[in-house]
Each structure stands twice: as structure tokens, then as C-alpha cells.
Amino acid sequence: MSVDLSTLDAEFENVTVTPNDGTEHVTTVTIDRPEARNAMNAQVRAELKTTFDAIDESDTRVVVLTGSDEASAFVAGADVTELHERTALEQREVSKRPRVYEYVSECRVPVIARINGHALGGGCELAMAADVRVASERANLGLPEITLGLFPGGGGTQRLPRLVGQGKAMQLILSGDLIDAAEAHEIGLVDELATADELDDTVGELAASIAANSPIALEFAKRAIRASGSMGLDNGIEYEAELFAQVLATEDVDEGISAFLEDREPEWKGK
């Protein structure tokens with residue numbers, strides 16, 4: 001039985017969940033902590049984990065992850081006050097996987113990061129954990145942890161080189177410099193750029209085009225693409241072939257091919 005995501009808001013302080021947001025099967029998850037520019041603290045991370053657990057049990061096909069516009073930020077970073085109070089042993093405990101970044105990257109369905117403002121430190125790492133990043137031209141991105149005597153600890157040293165190359169990742173992480181959305185798009189950190197006025201339409205159109213497809217095909221395609229970052233080419237091709245064989249046995253494939261031959265829209269069952 002599918003989980004009803006509309007009941008989650010009553011449980012949360014800093015995250016809002018909007019199922020069927022503009023398009024059926026599209027769920028928007030909004031970090032809403034404007035007084036701290038949506039900085040991630042323990043409460044935000046816990047609410048996001050609960051949300052993504054529920055999404056995996058729902059009929060959602062696409063997640064849009066964003067920050068509240070009131071904060072003018074996607075996520076301005078981790079809560080530095082919390083970080084300052086931790087011991088090394090406590091940090092090891094906090095860093096045990098799966099962390100919130102893995103909840104996003106390993107979500108069953110595709111996740112679009114709608115970057116409406118600053119995505120810094122942990123916020124940039126959260127955006128990198130998503131599958132696609134769409135940014136407002138007003139956004140700034142970066143990993144400034146080095147300026148605090150730290151370095152990225154939420155996957156930034158691993159995901160950024162895979163997106164922009166090792167040299168550029170070295171430059172950004174070791175300097176702590178922030179870049180605007182246009183440069184982030186140019187180097188491949190952001191996949192699509194939009195004006196502030198067009199951001200919702202751009203994200204909405206992308207989400208709708210993804211949600212129109214078979215949920216099983218979306219899940220398996222995401223698995224295969226994600227595997228390309230951790231598997232060698234030969235192993236990745238074998239994994240892709242196995243997933244392809246599995247999806248071929250689904251009712252959705254029969255429906256998709258029949259709809260194509262009959263020149264009609266498919267009616268996906270997710271089976």
C-alpha cells in the first residue's frame with residue numbers, strides 16, 4: 001500500500017512535503033529554515049531521512065528537492081554551531097552511513113535539485129547527491145569548508161571530481177572559492193540554468209517529462225547510471241544487461257510497446 005506523503009508535514013518543523021506538486025507523481029521536498037538560511041542541523045537531516053524513506057514507499061516518480069524561497073537559499077551549509085560542539089568520536093558516529101546525502105543519492109526515484117539560492121558546503125554536497133541540478137542564475141555554489149580549517153565531509157571530495165574533473169575540484173575545494181551559477185553550469189556542476197522567473201517552469205517541465213515514464217524503468221535506469229560512477233566499464237555493462245533483462249519481464253514493458261504500436265499514451269502500472 002502506498003504511503004500518504006501529505007501527512008508528513010504535521011510531523012516536521014523544517015521540511016515541507018508537497019505530493020503531486022503541479023504534476024501527478026511529482027513530490028516537492030522543501031527545506032524551510034529561513035532564520036538560518038536553510039542550514040542543515042540534526043532536525044533537518046532527520047526530517048529529510050524520514051521523508052525519503054516515505055518517498056521510497058509512495059507512488060512518487062520524481063522528487064524536486066529545494067530550499068524555501070523565503071530563505072533565498074537552497075541550503076547555506078551545515079549548522080556550524082553543532083559542528084563546533086562535536087568531538088571526533090561524535091563526528092564518527094554522525095558520519096556513519098547512510099547519511100542524508102546517501103538518502104538522496106540512493107532514493108528509488110530520480111531527484112532534481114532546484115537550486116534557488118546559495119548552495120554552500122553541505123548544501124552543495126546535498127545538491128551533488130541529487131541526480132540532476134537546475135539552478136537559478138542568482139545562485140552561488142561552493143565548498144568553503146577549507147576556510148574554517150576543515151574540508152568537505154559530506155561526499156564533496158568524491159562527488160565533485162566526478163562531476164567537474166579532479167583539477168577543477170582541487171581548485172574549488174582547496175581555495176574555498178564560491179562560483180556563480182553560470183560558471184557552475186559551464187564546468188558541469190549544474191546541469192541546467194534558468195532565470196529566477198523561469199526556474200519553476202524549467203524544473204516543472206523537466207519533472208513532468210520524467211514522471212511521464214514507467215516508474216520501474218526510471219528506477220532501473222537510475223540504478224544503471226549511478227553504477228557507472230563506481231564500476232569499471234565491463235562490470236557496468238554487465239550490470240546494465242542484467243537490469244535490462246529484469247525490466248523486460250515487467251507489465252510496463254508490454255504496455256509501453258503496445259501503446260507505441262497502437263499510437264496511444266501508455267498507462268503505467270508500475271509492475
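Note that this is a predicted model, so its numbers are computed, not measured. Computation of the quantities below employed the complete heavy-atom set of this structure, encompassing side-chain atoms and omitting hydrogens, waters and symmetry-equivalent molecules.
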Counting heavy atoms not belonging to E265, are there more than 12 under 6.0 Å from its CD?
no
Hey, what do you get for CD1 (I115) to CD (E192), rounding to the nearest 0.5 Å?
12.0 Å
Could you check whether any side-chain heavy atom of P110 comes within less than 4.5 Å of a side-chain heavy atom of V132, counting everything from C-beta outward?
no
Heavy-atom distance under 4.5 Å between the side chains of E137 and L193, does that happen here?
yes
Considering all heavy atoms of both residues, which atom of V104 and which atom of V111 are nearest to each other, and what is their separation?
O-CG2, 3.8 Å
Exam field: side chain D21 to backbone V26, donor-acceptor pair closer than 3.5 Å:
no
Shortest non-hydrogen contact from P19 to V17?
CD-O, 3.5 Å
For the student: nearest non-hydrogen atoms of L189 and C124, plus distance:
CD2-SG, 4.4 Å
Any donor-acceptor N/O pair, E255 side chain to E267 backbone, under 3.5 Å
yes
Mark yes when over 12 heavy atoms from residues, nucleotides or ligands other than Q166 sit less than 6.0 Å from its CD; otherwise mark no.
no
Could you check if a side-chain atom of V134 sits within less than 4.5 angstrom of a side-chain atom of R114, using non-hydrogen atoms only?
no
Using the rule given for salt bridge (Lys or Arg N to Asp or Glu O under 4.0 Å), can you reason through K49 versus E47, listing the C-alpha separation, both sets of side-chain angles and the distance that settles it, and then say yes or no?
CA-CA 5 Å; K49 289 178 180 180; E47 291 176 8; over 6 Å; no
For G236 versus M231, what's the shortest heavy-atom pair and its separation?
CA-SD, 3.8 Å
Would you confirm whether D180, through its side chain, and N140, through its main-chain N or O, come within 3.5 Å as a donor-acceptor pair?
no
Ionic contact status for E242 with R223, cut-off 4.0 Å:
no
Name the one of R108, K222, R159 that satisfies salt bridge (charged side-chain N to carboxylate O under 4.0 Å, His left out) with D131?
K222
Donor-acceptor contact below 3.5 Å, side chain E70 vs main chain P34:
no
Could you tell me whether a side-chain N or O of R133 sits under 3.5 Å from a main-chain N or O of A113, the two making a donor and an acceptor?
no
Considering all heavy atoms of both residues, which atom of V203 and which atom of I112 are nearest to each other, and what is their separation?
CG1-CG2, 4.4 Å
Report yes or no: does D252 contribute a side-chain atom to a donor-acceptor pair with the main-chain N or O of K269 at less than 3.5 Å?
yes
Decide if atom CD of E238 counts as having more than 12 heavy atoms of other residues, nucleotides or ligands within a radius under 6.0 Å.
no
Could you give the distance from CG (L172) to CG (L143), rounded to the nearest 0.5 Å?
7.5 Å
All heavy atoms of T66 vs all of F74, minimum pair found to be CA-CE1, 3.7 Å
Would you say T27 and T51 make side-chain contact, with heavy atoms under 4.5 Å?
no
Out of curiosity, N38 CG to N116 CG, how far, rounded to the nearest 0.5 Å?
7.5 Å
Donor-acceptor contact present, side-chain H25 to main-chain V62, <3.5 Å
no
Please check: side-chain N/O of S136 versus main-chain N/O of R138, any donor-acceptor pairing under 3.5 Å?
yes
